Amino acid sequence: MVFNFLLVDGGGSNDGFLSPVRFRWNMPVRASVGDFLAVKLVVSRLVEHNITFRTTMKNNNSSSSIKNHPCKKKPTTPLLLLSLLTTSLLILRVSQNKTILITTTTTTSDSDHHHHERHDSCLGRYIYIHNLPSRFNTDILQDCESITRPKDKISMCKYLDNYGFGPRIGDDGVSIDSRYSPSWYATNQFMLEVIFHEKMKMYECLTRNSSLASAFYIPYYAGLDFRRNLRRHNVAERDAAGKEMFKWLKKQPQWKGMSGKDHFLVTGRISRDFRRNPDNNSLWGTNLMLLPESQNISFLTIERSPTSHNEFAIPYPTYFHPTSTFEIRQWQDKIKLTNRTVLFSFAGAQRPSRSQNGLVRTQVIQQCKSSSKTCRFLDCDVKANGCDDPMSLMKLFESSVFCLQPPGDSLTRRSVFDSILAGCIPVFFNQGSGYKQYVWHLPNNDGEYSVYIPVKELRTGGKSKIEEILQGIPNEKVIGMRENVIRLVPKIVYTKPNRHKPDKETLEDAFDVAVKGVIKRIEQFKSN
């Protein structure tokens, strides 16, 4: 008989075991009344000293287990371990084949053990949410008017409704096209922190036992906090919350195990907003991602820095937040049959031509206007109001075969994901706008779902270069690319937190993919 014994710290304190301690014996056991009394003695000693225990005994390929019995807090010492080991050895005697569990007098079989293992789908997926002081999240939302900027047409407070999805489209009395389900919302592109937190609260593998957790989530709304302090000229005031947050975290026992390498934080703004470098006298943003503690944690953000080792880009929120897999499949079927009468389109605003991104934008807009029979341009300038209505944007993308995605204020755009949602093939002009960003959510066979036109080719190819390239793609190739784009839809939408998941549900949304990605990264840290 093989007798395995695992001891771990069950209270999340710093005074117990810093890592699990295992004992293993390989000998026969007689299950007499005296043996059960001895087992009871061992268990009572464990309970007295706050030890979570897992035991497994195997005989002729049969096994059973008990796990996770938290107890009261008391310090443990090497002397205690020696005492426990000595006491445990007293219960072992030579005898017949029999399997005993350290619990009550119940015996279990191999099939019972495998039945339990089969149904513990959370093994390796448990996540612990830090209970941060409210000033780092909910207080920011209660002060939502301070998040609103003067040029915003709608108060940011409105966008906090419905788990951060914003107002439901159609609830304002304006009728919505019957082709759209009630799961469409006027979602603000900067609401990812709230959306992710709300979904994390409903995550199926949450735990309050930190010894079980594979990852630790930090629900700090760094992007909204930055927006609230955007107009403060004193950069020290802007940086203060990030420093205070890490000061609080470093006092938690969960931080000390891996110094934060098993922690992650989600930001709803681009990386550059948290990398204010004092060396170049920049006044923009905060220094959150440059703090020493930040070098250990993983950041999930809508746009990563190309030089960062611990940032991972995840999709911007779209307008569609379905409740079920059926609703997603229904939408995919709809856009497969959409009649696309426009070869290519662009929805966006002009950018200053003094920047590289601005020059690309100018070229794209000029070429779209010069190809008026094959391209439609929707002006998103503040004065134009062309992109205020989410449904106008979606209908443009649904009617287009290709959607142009030049860089704007930064390399990435929310429009990339709106176009994919509409089944429109994205056209990139910079590798950093998609391919080098969303490696968890977009496939690495770039040419199978998108078109890439280098900037040099755009500038030297004449005023109709975009049209020539897109018209030159064979129709069969276009059909295949569109099918691949439509397959991506589930992975780029954030479903409702209470999404219905039938048994054996396999569909993953943007949240599921992101969580799986960050857990895998942390596991790689642990194995190195």
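Values in this document were obtained by computation on a predicted structure and should not be read as measured data. Residue numbers count from 1 along this sequence.
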At their closest point, which heavy atom of [X] faces which heavy atom of [Y], and how far apart are they?
X: Phe525; Y: Lys261; answer: CD1-O, 3.9 Å
X: Ala347; Y: Cys387; answer: CB-SG, 4.5 Å
X: Met191; Y: Met156; answer: CE-CE, 3.4 Å
X: Leu288; Y: Met245; answer: CD1-CE, 4.3 Å
X: Ser410; Y: Ile270; answer: CB-CD1, 3.6 Å
X: Pro315; Y: Ala510; answer: CG-CB, 4.2 Å

For this output row, return yes or no: ring centroids of [X] and [Y] closer than 6.0 angstrom.
X: Tyr319; Y: Tyr185; answer: no
X: Tyr494; Y: His321; answer: no
X: Trp331; Y: Phe326; answer: no
X: Tyr435; Y: Phe428; answer: yes

Just so I know, are the side chains of [X] and [Y] near enough to count as touching, which here means a heavy-atom distance under 4.5 Å?
X: Met200; Y: Phe511; value: yes
X: Leu300; Y: Leu265; value: no
X: Leu132; Y: Tyr220; value: yes
X: Tyr221; Y: Val194; value: yes
X: Glu457; Y: Ile469; value: yes
X: Ser450; Y: Pro426; value: yes

**Report entry** Residues that Cys205 engages under side chain to side chain contact (heavy atoms under 4.5 Å, CB included), provided they are two or more places apart
**Finding:**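 With neighbours one apart ignored, the set is Cys122, Arg125, Tyr126, Tyr203.
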
Requested in this report: Would you please test Lys526 and Asp262 for salt bridge (Lys or Arg N to Asp or Glu O under 4.0 Å) and show each step?
Outcome: CA-CA 8 Å; Lys526 291 178 179 178; Asp262 49 2; 5.2 Å; no

Salt-bridge test for [X] and [Y]: reply yes if a basic N is under 4.0 Å from a carboxylate O, no otherwise.
X: Glu467; Y: Lys373; result: no
X: Glu508; Y: Lys491; result: no
X: Arg135; Y: Glu244; result: yes

Nearest 0.5 angstrom please: [X] [atom1] to [Y] [atom2], how far?
X: Arg275; Y: Thr286; atom1: CZ; atom2: OG1; value: 10.5 Å
X: Phe274; Y: Leu290; atom1: CZ; atom2: CG; value: 11.5 Å
X: Ile328; Y: Leu507; atom1: CD1; atom2: CG; value: 4.5 Å
X: Asn498; Y: Glu198; atom1: CG; atom2: CD; value: 10.5 Å
X: Asn137; Y: Ile218; atom1: CG; atom2: CD1; value: 12.0 Å
X: Ile492; Y: His441; atom1: CD1; atom2: NE2; value: 9.5 Å

Query raised in the report: Would Lys199 and Asp509 satisfy salt bridge (Lys or Arg N to Asp or Glu O under 4.0 Å), going step by step from the backbone distance to the final call?
Result: CA-CA 11 Å; Lys199 285 182 68 65; Asp509 73 347; 3.1 Å; yes

Query raised in the report: Does the salt bridge (Lys or Arg N to Asp or Glu O under 4.0 Å) test come out yes or no for Lys334 and Glu398, once each step is laid out?
Result: CA-CA 10 Å; Lys334 171 191 175 301; Glu398 287 172 52; 2.7 Å; yes

Report task. Dump the intermediate steps for salt bridge (Lys or Arg N to Asp or Glu O under 4.0 Å) on Arg414 and Asp418, then the final yes or no. Result -> CA-CA 7 Å; Arg414 173 212 179 118; Asp418 290 334; 3.1 Å; yes

Query - Audit row: Phe417, Tyr438, ring pair (Phe, Tyr, Trp, His ring centres under 6.0 Å) steps and yes/no - result: CA-CA 11 Å; Phe417 300 100; Tyr438 308 99; 4.8 Å; yes

**Report entry** Row check, Tyr128 ring normal vs Arg208 NZ/CZ: under 6.0 Å, within 45°
**Finding:**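 Yes; both conditions hold, so Arg208 lies above the ring face of Tyr128.
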
Query - Arg413 to Tyr316 six-membered ring, cation-pi geometry met (6.0 Å, 45°) - result: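 No, cation not above the ring by the 6.0 Å, 45° rule.
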
Query raised in the report: Quick check: does any side chain N or O of Gln363 sit under 3.5 Å from a backbone N or O of Arg459, one acting as donor and the other as acceptor?
Result: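 Not a single qualifying donor-acceptor pair exists.
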
Query - His197/Tyr217 under ring pair (Phe, Tyr, Trp, His ring centres under 6.0 Å): CA gap, chis, key distance, verdict - result: CA-CA 9 Å; His197 191 190; Tyr217 169 54; 5.7 Å; yes

Query raised in the report: Can you list the steps and then say if Trp184 with Phe165 is a ring pair (Phe, Tyr, Trp, His ring centres under 6.0 Å)?
Result: CA-CA 9 Å; Trp184 290 81; Phe165 296 151; over 10 Å; no

Query raised in the report: For the side-chain hydrogen bond (donor to acceptor under 3.5 Å, both in side chains) test, which of Ser298, Ser294, Ser271 pairs with Glu311?
Result: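 Exactly one option meets the side-chain hydrogen bond (donor to acceptor under 3.5 Å, both in side chains) with Glu311, and it is Ser271.
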
**Report entry** All pairs passing disulfide bond (SG atoms under 2.5 Å apart) where residues 214-254 contributes a residue, at least two apart
**Finding:**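 Passing the test, one end in residues 214-254: no pairs.
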
